[in-house]
Asks: 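First the structure, which I've put down as structure tokens, then a few questions once you've had a look.
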Amino acid sequence: MLVLARKKDEAILIGDDIEIIITDISEDKVKIGINAPKHMKVLRKELLEEVKEENIQSAGSKVDLKALAKAMKK
Amino acid sequence: MKIKTKFFGEVDIDEKQIVSFDEGIPGFPEYKKYVVLNDEELDFVFLQSAEEENLCFITMPPAMIVGDYNFDLSSDTVEKLELEKAEDAAVLAILNIPEDFKKMTANLKAPIIINTKNNKGIQELLDGDNYSMKHQVFKEDV
């Protein structure tokens, strides 16, 4: 992995059209500005992990459809 | 063609019914083909894998859960689904149904979007904090 040291307001370019700017640095947090083409999806990684987890849980639930149908009709 | 399903045994489907999720669904990247099945008794919509019998998401149109569900679809997704009009998009929220199904939650933050014109689907991830991944379907007094 490429690791670069950057100061506040310095930037990194990836290819021709992605720019990553360090907009603020505090003790345990950096704020990052991202300029990228609209078709590029920018995501917080943990959000994708959450969706995976939620999907796996949802697909794994053992549902008794008949009991559920009964309960929903009440 | 006949496929095996988690809830309905063997089901005969038309190949045209197959919805392609080219990127898979997060957590299940290896499965790309699904069919949408309905049940006469339940208002749920079943997103059944056409490849894996035991993989089936139980879903519901989010509009049935919250009245004013709306969001901007990312241009990335519009492009991937080749979506021309918003009306062509079918939107489904995956339900997480625990044993005590009164505690059922719906994932409103990552809806399934299907272009009904070409049967391409994707699970979209919405920005912002408008919608929860664990939205309580029933109010507590049910």
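From a predicted model like this one, the values you see are computed outputs, not experimental measurements. Reminder, nothing fancy here: chain letters follow the sequence lines and each chain counts from 1.
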Asks: Please indicate whether E30(B) has more than 12 foreign heavy atoms, meaning atoms of other residues, nucleotides or ligands, lying under 6.0 Å from its CD.
Replies: yes
Asks: Hydrophobic clusters here meaning ILVMFWY residues chained together by side-chain heavy-atom distances under 4.5 Å, can you tell me if F8(B) and I3(B) are in one?
Replies: yes
Asks: Is it the side chain or the backbone of L42(B) that comes within 4.5 Å of chain A heavy atoms, both, or neither?
Replies: side chain
Asks: Please answer: with hydrophobic residues joined when any side-chain heavy atoms are less than 4.5 Å apart, are L108(B) and F71(B) in the same cluster?
Replies: yes
Asks: For I58(B), is it the side chain, the backbone, both or neither that has a heavy atom under 4.5 Å from a heavy atom of chain A?
Replies: side chain
Asks: To the nearest 0.5 angstrom, please state how far the CG atom of L125(B) sits from the CZ atom of R44(A).
Replies: 11.5 Å
Asks: Any chance you could measure I25(B), atom CD1, to I56(A), atom CD1, to the nearest 0.5 Å?
Replies: 12.0 Å
Asks: May I ask you to decide if E54(A)'s main-chain N or O and K134(B)'s side chain share a donor-acceptor pair within less than 3.5 Å?
Replies: no
Asks: Is the number of heavy atoms from other residues, nucleotides or ligands within 6.0 Å of CG (N54(B)) greater than 12?
Replies: yes
Asks: Can you check whether L65(A) reaches F46(B) side chain to side chain, under 4.5 Å on heavy atoms?
Replies: yes
Asks: Mind checking the OG-CE spacing from S75(B) to M40(A)? Nearest 0.5 Å is all I need.
Replies: 11.5 Å
Asks: Using the rule given for side-chain contact (heavy atoms from CB on, under 4.5 Å), can you reason through F28(B) versus N55(A), listing the C-alpha separation, both sets of side-chain angles and the distance that settles it, and then say yes or no?
Replies: CA-CA 8 Å; F28(B) 303 92; N55(A) 283 346; 4.2 Å; yes
Asks: Is there a continuous path of hydrophobic side-chain contacts, each under 4.5 Å between heavy atoms, that joins I32(A) to L2(A)?
Replies: yes
Asks: Can you tell me how far CD1 of I94(B) sits from CD of Q57(A), rounded to the nearest 0.5 angstrom?
Replies: 12.0 Å
Asks: When rounded to the nearest 0.5 angstrom, what is the spacing between CD in Q123(B) and NZ in K52(A)?
Replies: 11.5 Å
Asks: Compare all side-chain heavy atoms of K6(B) with those of K62(A) and state whether any distance is below 4.5 angstrom.
Replies: no
Asks: Which answer fits E53(A), side chain, backbone, both or neither, if we ask what part of it has an atom under 4.5 Å from a heavy atom of chain B?
Replies: neither
Asks: What part of L47(A) lies closer than 4.5 angstrom to a heavy atom of chain B: side chain, backbone, both or neither?
Replies: both
